[in-house]
Amino acid sequence: MKLKLISFNLCPFVKKAEILLSFKEIDYEIEFIELAKPPEWFMRISPLKKVPLLLVDGHVIFESSVICEYIDEAYPEQLHPENLILRAENRSWIEFGDTCLWDLFYLTIKETEEDFYEVRDDLLMKFDQIERTLHQGPYFNGSDCSLIDLSFVPLFQYLDCINEVNPVIFFNERHSKILEWKNHLLELRVAKAVYPPDLKAKQLELIGKRQGYLSNFLKGRNFDANTEKKIY
Ligand SMILES: N[C@@H](CCC(=O)N[C@@H](CS)C(=O)NCC(=O)O)C(=O)O
């Protein structure tokens, strides 16, 4: 089977698929596109005009979670829990994690302090809910690494990146179980493999270019003001 991942280099949703492909040591091609100027062929084949896409022998799979489910089912060892209800719960929390990723994105584009803190507080309440679902680590389901763990790596990487800028968006004491889970995941070989050392600087540069409230804390860098706001 020939796999090709269509990517934008700073997209955390693409990273969900990349991490899984890398974890399962699956051969695949990757093609990067510029979301600010998407090529015509991409606009033709991408139903939602978004990355990631996974091309499988000419079939187009879209939506990062669906792509991950496909990869998990098609290539052993399967990473979702066997138990049906547990598996469904894991899927639910993966969806929930995606909404947190969107909150992180909104944090980077909100223009006023008030709007920024409204999203930040909403995100913290979502973290309260995740905190309550975590029991014994080091992984979400306990001792084994599951699809949900790999799906949360991009969220945690982006969280750490944004949290480096003031104001703080994560409180270690309030979310101590998430902290342990996050730190464990970000130390995984596969997490390090898909995040080149210069990626964080590029993410911060993009956040600076968005000219939101958060950009004020990144002043002093040489940013171009004309970046699209809707993309990662
Ligand atoms: N729900 C989608 C979200 C993907 C998404 O929003 N990708 C962004 C880049 S990170 C994108 O392609 N944006 C282009 C646009 O909105 O025009 C998924 O999980 O795959």
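First listed ligand is number 1; within each ligand, the first listed atom is number 1. Every value quoted in this text rests on a predicted model; they were computed, and no experiment measured them.
Panel note: side chain Ser151, backbone Leu147; a donor-acceptor pair is recorded below 3.5 Å.
The distance criterion of under 3.5 Å between nitrogen or oxygen atoms is met by Val51 with respect to ligand 1. Considering backbone and side-chain atoms together, Asp98 places no N or O closer than 3.5 Å to any N or O of ligand 1. Here's the thing with Ser64: one of its N/O atoms is less than 3.5 angstrom from an N/O atom of ligand 1.
At least one heavy atom of Phe13 sits closer than 4.0 Å to an atom of ligand 1.
Within the listing of ligand 1, atoms 20 (O) sit less than 4.0 angstrom from a heavy atom of Pro52. Of all the atoms in ligand 1, the ones that sit under 4.0 Å from a non-hydrogen atom of Leu35 are 9 (C), 11 (C), 12 (O), 13 (N). Interface of Lys49 with ligand 1, defined as ligand atoms under 4.0 Å from a residue heavy atom, comprises 14 (C), 17 (O).
Neither the backbone nor the side chain of Lys16 comes within 4.0 Å of ligand 1, counting heavy atoms alone. Contacts between Trp102 and ligand 1, counted as non-hydrogen atom pairs separated by less than 4.0 Å, involve the side chain only.
Under the 4.0 Å criterion applied to side-chain N and carboxylate O atoms, Asp122 and Lys126 are assigned as salt-bridge partners. Taking the charged nitrogens against the carboxylate oxygens, Lys110 and Glu118 have no contact shorter than 4.0 Å, which rules out a salt bridge. Between Lys200 and Asp160 there is no salt bridge, since no side-chain nitrogen of the basic residue lies less than 4.0 Å from a carboxylate oxygen of the acidic one. Salt-bridge check for Arg87 with Glu82: failed, with every basic side-chain N at 4.0 Å or more from each acidic carboxylate O.
The shortest side-chain heavy-atom distance between Ile19 and Tyr195 falls under the 4.5 Å cut-off. Counting heavy atoms from C-beta on, the side chains of Gln157 and Gln203 come closer than 4.5 Å.
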